[in-house]
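Atoms within a ligand are numbered from 1 in the order they appear, just like the ligands themselves.
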Amino acid sequence: MRSVLVMLAMVATACQSRPADPDLARELAGAYPVEAAPNGTVRTFDIVAAATEIPMLDGAPLRVWAYNGTVPGPTLRLRLGETLRVNFTNRLPQETTIHWHGVRVPNAMDGVPHATQPPIASGESFVYEFTPKDAGTFWFHPHVRSSEQVERGLYGLLIVEDVVPPPYSRDVTWILDDWLLAPDRQIVPQFNSPHELGHDGRWGNVISVNGRTDTRLRVTSGERIRLRLLNSSNGRIYVPDLAGLDAKIIAVDGLYTREPLRLERFELAPGNRLDLDIQITGGGRSLIVSDVYSQRRVNPLAEIEVDDAVGKVVAFASPARAKVPVWSAALTMPVTHEFRLNARRGGPLGIEWTIDGKAFAGHEHAHHAGLVLQRGTWARLRFVNDSARLHPIHLHGMFFKVLARDDVAVDEGFFRDTVLIHGGESIDIGLVPLDAGEWMMHCHILEHAEAGMMTMISVRDGPGPEAPRAGSEKP
Ligand code: C2O
Ligand code: CU
Ligand code: CU
């Protein structure tokens, strides 16, 4: 396995075209691996996407699109070092792909139609195979017409366990999603409505946890549980409130934090994951976990019931002790690229969401990179939200760290793959891409993405040309 330092030295000498900062890049060394380390074990899963009916919400049959007949789809679990093989078949009435959100996969496995693979036609199959490089909580979903396909129910978790998982008494997963149901209690079949496009995407009228509105977790005092949260909604932001529980954040977007963090007001935007370490104390009580994103309205999410019985106290050190660079010199470095986020009238949907004045003109044509980065070279990217709406910006194939919000330096103590940018806000991030390829960057409010808020970041080995001006002109 090639070491990070060797690779960084190589890149530092090769790249003259932009200011490289070897010190900042070196600070990342060892934070997470450059290469996968397959141990020879292959875990094979068969997944079929198809329209089906599930008993849901109030028990009535709900027509959905599902992976293997359930919403959420199956949770795929493997250990770090194992190879995942997914034999996927598309029985939907549309083409599709699977994207492995947050996983550093070989580019050809990233599931971006026309860019990393041809879309999988109805009736066709495709084999996804890769060895994850990082342990953590990831998820998978289609990358074709995602505002419709994800909303109809296509998503599932991919959990990569540590080689030696910490001895939690339980590993619990909660997927938060919302549904916009019509008076007939079926999914409103008009997707990308002007209201959804012009605001913060589709916000539903029913919130579910693991596809249910009555999720209840029974625990025993003394237990220590790992709770993995995912927001799979198209647009809704959640702020989970576990009032009355001793909950610490141990991982964000898959990767462990530098140290356990108190769960305060954490905005879980579409795509974000949060791993919580919860020490259960005080038997004989029941708690409501709620979403307090909106100050005006508290949404109950699930119930936790603590038994009277006192179980054995599980004591072990928190797994949250990752190497996360401080990058204190980061804000003295020039901005590598500033992305401007905005909207305008026009385009096939009547409104276009733009990055640097360009709307992604459909996967079929637009593959010019909006930005070229060098593998192993530290970069500072700035997002300026010129609109009043929310944009959770997601990068494929790399983790980044937030450096500043509105020019005020922050040290979050963890990496992300998705960061929420509020109306008018500007956010600076730092990153060192370690995986070469054509990686998508987009807003994870899926209606915004469908209306153009997507671009490609090309990560190249060795010196490359400057970022071409072309973002995505129409042919
Ligand atoms: Cu979950 Cu391209 O995203
Ligand atoms: Cu992704
Ligand atoms: Cu957006």
**Q** Are Lys248 and Asp277 close enough for a salt bridge, meaning some N to O gap below 4.0 Å?
**A** no
**Q** Is there a donor-acceptor contact under 3.5 Å linking the side chains of Thr97 and Gln117?
**A** no
**Q** State the CZ-CG distance between Phe45 and Leu78, to the nearest 0.5 angstrom.
**A** 6.5 Å
**Q** Using side chain to side chain contact (heavy atoms under 4.5 Å, CB included) as the criterion, point out the one residue from Arg340, His442, Met441 that pairs with Ile355.
**A** Met441
**Q** When the ring centroid of Tyr293 is compared with that of Tyr238, is the distance short of 6.0 Å?
**A** no
**Q** Do side-chain atoms of Trp353 reach the backbone of Leu197 as a donor and acceptor pair under 3.5 angstrom?
**A** yes
**Q** How far apart are the C-alpha atoms of Arg416 and Ile429, what are their side-chain angles, what is the distance that settles it, and do they pass the side chain to side chain contact (heavy atoms under 4.5 Å, CB included) test?
**A** CA-CA 10 Å; Arg416 295 169 166 275; Ile429 64 169; over 6 Å; no
**Q** May I ask you to determine how many protein N/O/S atoms are under 2.8 Å from the Cu ion (ligand 2)?
**A** 2
**Q** Exactly one of Val86, Leu154, Leu76 should register a side chain to side chain contact (heavy atoms under 4.5 Å, CB included) with Phe140. Which one does?
**A** Leu76
**Q** What number of protein N, O or S atoms occur at distances under 2.8 Å from atom 1 (Cu) of ligand 1?
**A** 3
**Q** Can you classify the ring geometry of Phe88 versus Tyr128 as parallel (below 30°), tilted (30 to 60°) or perpendicular (above 60°)?
**A** tilted
**Q** Check each of His396, His143, His394 against His101 using the ring pair (Phe, Tyr, Trp, His ring centres under 6.0 Å) test, and report the only one that passes.
**A** His394
**Q** To the nearest 10°, what's the angle at the Cu ion (ligand 3) between atoms ND1 (His448) and ND1 (His391)?
**A** 100°
